[in-house]
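A, B, ... follow the sequence lines: proteins, then strands. Residue 1 opens every chain.
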Amino acid sequence: MAKGNKLTTRAENYPEWYNDLVKKADLAENSEVRGCMVIKPYGYAIWERMQQTLDQMFKDTGHVNAYFPLFIPKSFLSKEADHVDGFAKECAVVTHHRLMNAPDGSGVVVDPDAKLEEELVVRPTSETIIWSTYRNWIQSYRDLPLLINQWANVVRWELRTRMFLRTAEFLWQEGHTAHATQEEAVEEAERMLGVYGDFAEETLAIPVIRGVKTERERFAGALDTYCIEGLMQDGKALQAGTSHFLGQNFAKAFDVKYATKDNKEEYVWATSWGVSTRLMGALIMTHSDDEGLVLPPSLAPHQVVIVPIYRKDDEKDKVLAKCAEIAQTLKTAGIRVKLDDDDTKKPGWKFAEWELKGVPIRIALGPRDLANGKIEVARRDLKTKEVMDLTDTVDETMTALLADIQTQIYQKAKTFREENTTSVDTYDEFKAQLEKPIPGFIYAHWDGTTETEEKIQAETKATIRCIPIGNEQEEGVCIYSGKPSKQRVLFAKAY
RNA sequence: CGAGGUGUAGCACAGUCCGGUUAGUGUACCUGCUUUGGGAGCAGGGGGCCGCAGGUUCGAAUCCUGCCACCUCGACCA
């Protein structure tokens, strides 16, 4: 029995470990729809916490929420040339609006008479529908800036999917802003990258590199794509968020102009930015271990779980009363606490279950503790246990412990990243590094051409994740072409 | 779309090569008793169009043909 619920270990098979964990920690499961997952309550609770935190950060930076249609008329997609190139291959298309019983009684079929005049595309992203709407909303410089975010689902018909990391349908937020000047728009794109970076590091406890994408890796239709890149435990990079400076491309495509103070007509400047349920994947692959999920306290649906231990009914009453008292104290202090008083499960089972689910702190209290005025406190991240006095300030103790866990898992991830970041000067060194079990982040000189970038990828599978912001400038030569280079860029194998 | 693999109870699998009792094991589920400080023990019980459609045969989970679905690894991508 004890073996029954063990995860595949990371060393055995990393992708399988990931899949096992997602299922066994009750985060999500594959649905009966190809490439689409069901996010289960526990997984969704974590996503909701991400949403709440981000939503507040967006509002604090002046944004408001709105909602645009799921469907986009096909013709909209073709108005921006690069944009359609980027998404055309992965769009789900609605062609009919009615079903009917099959004439031969074999079931339900699409009614051929219900064909749409113009097909509707299920949004892969909302730039086009939003910019066609903005045209009506923007007339004057007084209407700017327009700072809007939407929480939505989008569909990209991916050939190969993995839960949270790449699913055909996924949940995300997309911000779409309009500005009077290029400077303002660039500032906005950079501001939101900052928001994402802070969110990743402070809330998710994932250290990230902030950078700019190369031309080849840029969002379809953008002039610049900013990104945050995290390093997962298997040494592969994961793009955790992007923010795009769109220039006037969409304003021109959808004819969105405004009157300046001196009554000149100008196209507006745009940004868009988004993070998705992929962050769940980043969270899992950054912190979790062979025992299961490890959650940062900031996101844990239950920050503290209390497991009562008892044998007889009189013990049960006393132990539960004390547990409830502790739970109330913690709750009052603003701690998300779960008293696991489920009578049908034994303590050992609960210990294992809550470890699998990544609850940061577990308190166990039994008759022995009750008699001695103690509690047993276990930390999920370090897998340590200690018996401590149960005092009136248990809430302060737990609050401090939660803060410490949040800091420590971030530090641990950061140390891992630093230990797995290398700098190389030759192509041979580069290739050798990529052959290692944990290839990690690799800094190397690059000549700045797409051609070189593509050849390196074709030969090694490594891509340029970004050109880090504030990158140190130094003279060097491209590892591939030998041409001069002024800075190192960040390479990695990526998800 | 290329290469592999898998479809049998909620889940994980055995059985298929070599056709033949009532299709089996673990786990989960239900009932009872004993248990409860690291995924409890015993006893009893329920649950199966063996992926789908044809075919061969006295007889098919097993052999043949066709189809479908899913998974892993590539190419494409957040």
Side-chain angles (χ1 to χ4, degrees), chain A residues 1-8 13-16 18-20 23-24 29-36 85-91 124-125 153-174 196 213 216-220 225 227-230 237-244 272-282 291-292 307-313 315-316 319 342-357 362-372 374-376 378 383 385 387 457-458 461 463 465 494-495:
Chain A
M1 168 65 189
K3 306 288 175 219
N5 254 333
K6 283 276 181 197
L7 299 172
T8 304
N13 185 333
Y14 194 85
E16 204 169 304
Y18 176 84
N19 256 329
D20 269 11
K23 285 182 210 155
K24 291 186 174 161
E29 63 188 30
N30 278 311
S31 74
E32 299 186 55
V33 183
R34 196 207 79 100
C36 298
D85 281 352
F87 289 103
K89 287 170 297 190
E90 51 189 32
C91 287
T125 179
N153 57 340
V154 288
V155 168
R156 295 181 190 174
W157 210 265
E158 300 290 350
L159 300 177
R160 230 184 100 210
T161 59
R162 295 190 62 191
M163 286 193 283
F164 290 118
L165 296 172
R166 183 171 297 109
T167 46
E169 178 191 16
F170 57 96
L171 305 184
W172 76 346
Q173 59 68 217
E174 47 182 327
Y196 288 156
K213 287 290 186 191
R216 201 174 92 88
E217 297 274 333
R218 230 177 249 159
F219 175 75
T225 288
C227 63
I228 52 173
E229 295 281 335
L238 184 78
Q239 179 176 303
T242 50
S243 177
H244 316 290
S272 68
W273 27 274
V275 296
S276 72
T277 34
R278 180 179 241 206
L279 289 176
M280 294 286 293
E291 268 68 50
V307 177
I309 297 160
Y310 48 80
R311 291 189 196 82
K312 299 171 189 118
D313 277 354
E315 277 179 0
K316 175 181 170 181
V319 165
D342 184 346
D343 214 12
T344 70
K345 299 284 194 293
K346 292 176 46 172
W349 192 93
K350 293 176 183 177
F351 293 168
E353 180 68 8
W354 292 118
E355 266 163 25
L356 198 51
K357 290 190 164 180
R362 182 187 71 235
I363 296 177
L365 188 147
R368 212 160 61 211
D369 305 301
L370 202 57
N372 301 333
K374 306 274 189 187
I375 49 174
E376 183 192 81
K383 285 179 275 186
K385 277 197 289 202
V387 175
Q457 181 178 5
K461 307 252 193 289
T463 52
R465 302 319 303 150
Y495 274 94

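The residue A/E376 sits close to a base: some heavy atom pair falls under 4.0 Å. Within the nucleic acid shown, A/Y310 comes within 4.0 Å of at least one base atom, counting heavy atoms only. Base engagement by A/L165 is indicated by at least one non-hydrogen atom pair under 4.0 Å involving a base atom. Nucleic acid contact class of A/P15 (heavy atoms, under 4.0 Å, all strands): sugar-phosphate only. Across all strands, A/N13 comes closer than 4.0 Å to no nucleic acid atom at all (heavy-atom distances). Among the atoms of the strands shown, none is found under 4.0 Å from any heavy atom of A/T463. Heavy atoms of A/E158 sit under 4.0 angstrom from at least one base atom.
If you take CG of A/N19 and C1' of B/C73, they are 14 Å apart, rounded to a whole angstrom. One interatomic measurement links the two molecules: CG of A/N30 to P of B/A12, which rounds to 11 Å at whole-angstrom precision. Whole-Å rounding puts the A/D342 CG to B/G39 P distance at 17 Å. Atom C1' of nucleotide B/C77 and atom OH of A/Y495 are separated by 15 Å, given to the nearest angstrom. A straight line from CD of A/E90 to C1' of B/A75 spans 14 Å, rounded to a whole angstrom. Rounded to an integer number of Å, the gap from A/W349 CH2 to B/C29 P is 9 Å. Protein atom CD of A/E16 is 9 Å distant from nucleotide atom P of B/U72, rounded to whole Å. Between A/D313 atom CG and B/U36 atom C1' there is a gap of 12 Å when expressed in whole angstrom units.
Applying the 4.0 Å criterion to OP1 and OP2 of B/A78, one finds that A/R156 has every side-chain N and O outside that range. Neither OP1 nor OP2 of B/C77 sits under 4.0 Å from any side-chain N or O of A/R160.
Of the possible polar contacts, none joining the A/R156 side chain to the A/A168 backbone as a donor-acceptor pair under 3.5 Å is found. For the pair A/D369 (side chain) and A/G366 (backbone), a donor-acceptor distance under 3.5 Å is present.
Residue A/R362 places a side-chain atom within donor-acceptor reach of the base of B/G38, judged by atom type and a 3.5 Å distance cut-off alone. For B/G38, the base has a donor-acceptor partner in the side chain of A/K385 [N/O atoms by modelled type, under 3.5 angstrom].
Taking OG1 of A/T8 as the start and CG of A/N19 as the end, the distance is 9.0 Å to the nearest 0.5 Å.
Taking the charged nitrogens against the carboxylate oxygens, A/E355 and A/R362 do have a contact shorter than 4.0 Å, which makes a salt bridge. The pair A/R465-A/E229 meets the salt-bridge criterion, with a side-chain N (NZ, NE, NH1 or NH2) lying under 4.0 Å from an Asp/Glu carboxylate O.
When the C1' atom is compared between B/G15 and B/G20, the two are found 14 Å apart, to the nearest whole Å. Comparing the P positions of B/C63 and B/C18 gives an interatomic distance of 8 Å, to the nearest angstrom. Across the P atoms, B/C11 and B/C49 are found 11 Å apart, a figure rounded to whole Å. On the C1' atoms, B/A12 is 29 Å away from B/U34, given to the nearest whole Å. Spacing between B/G51 and B/U6 at atom P, rounded to whole Å, works out to 13 Å. B/G19 and B/C50: their C1' atoms are spaced 14 Å apart (whole Å). Remark: the separation of the P atoms in B/U8 and B/A61 is 15 Å, to the nearest Å. Comparing the P positions of B/G59 and B/G54 gives an interatomic distance of 16 Å, to the nearest angstrom.
Here the options are A/H244, A/Q173, A/E174, the test is side-chain contact (heavy atoms from CB on, under 4.5 Å), and the partner is A/W273; only A/Q173 passes. Remark: of the listed residues A/Q239, A/R218, A/E217, A/R218 is the sole one forming a side-chain contact (heavy atoms from CB on, under 4.5 Å) with A/T225. Just one of A/V275, A/N153, A/T125 meets the side-chain contact (heavy atoms from CB on, under 4.5 Å) condition when paired with A/W172; it is A/T125.
Summary of the strand contacts: A/K89 and A/I375 both lie near RNA chain B, and taking for each the nucleotide with the nearest heavy atom, the more 5' one is attributed to A/I375. Nearest-nucleotide positions on RNA chain B for A/R162 and A/F351 put A/F351 closer to the 5' end.
Stems are defined here as 3 or more consecutive Watson-Crick or G-U wobble pairs with pairing distances under 3.5 Å; those involving RNA chain B are B:1-7 with B:68-74, B:10-13 with B:24-27, B:29-34 with B:40-45, B:51-55 with B:63-67.
Picking from B/A78, B/C76, B/A40 the nucleotide with the shortest atom distance to the side chain of A/K346 gives B/A40. The nucleotide whose nearest atom lies closest to any side-chain atom of A/T167 is, among B/C76, B/A78, B/G38, B/A78. Comparing B/C71, B/C76, B/G38 by their closest approach to the side chain of A/L159 singles out B/C76. When each of B/G38, B/G37, B/C76 is scored by its nearest atom to the side-chain atoms of A/R368, the top-ranked nucleotide is B/G37. Nearest nucleotide to the A/P347 side chain, out of B/A78, B/G37, B/G39: B/G37.
Figure legend: cation-pi geometry between A/K345 and A/W349, with NZ or CZ positioned under 6.0 Å from the six-membered ring centre and within 45° of its axis.
Between the side chains of A/Y18 and A/N13, no donor-acceptor pair is found at a separation under 3.5 Å.
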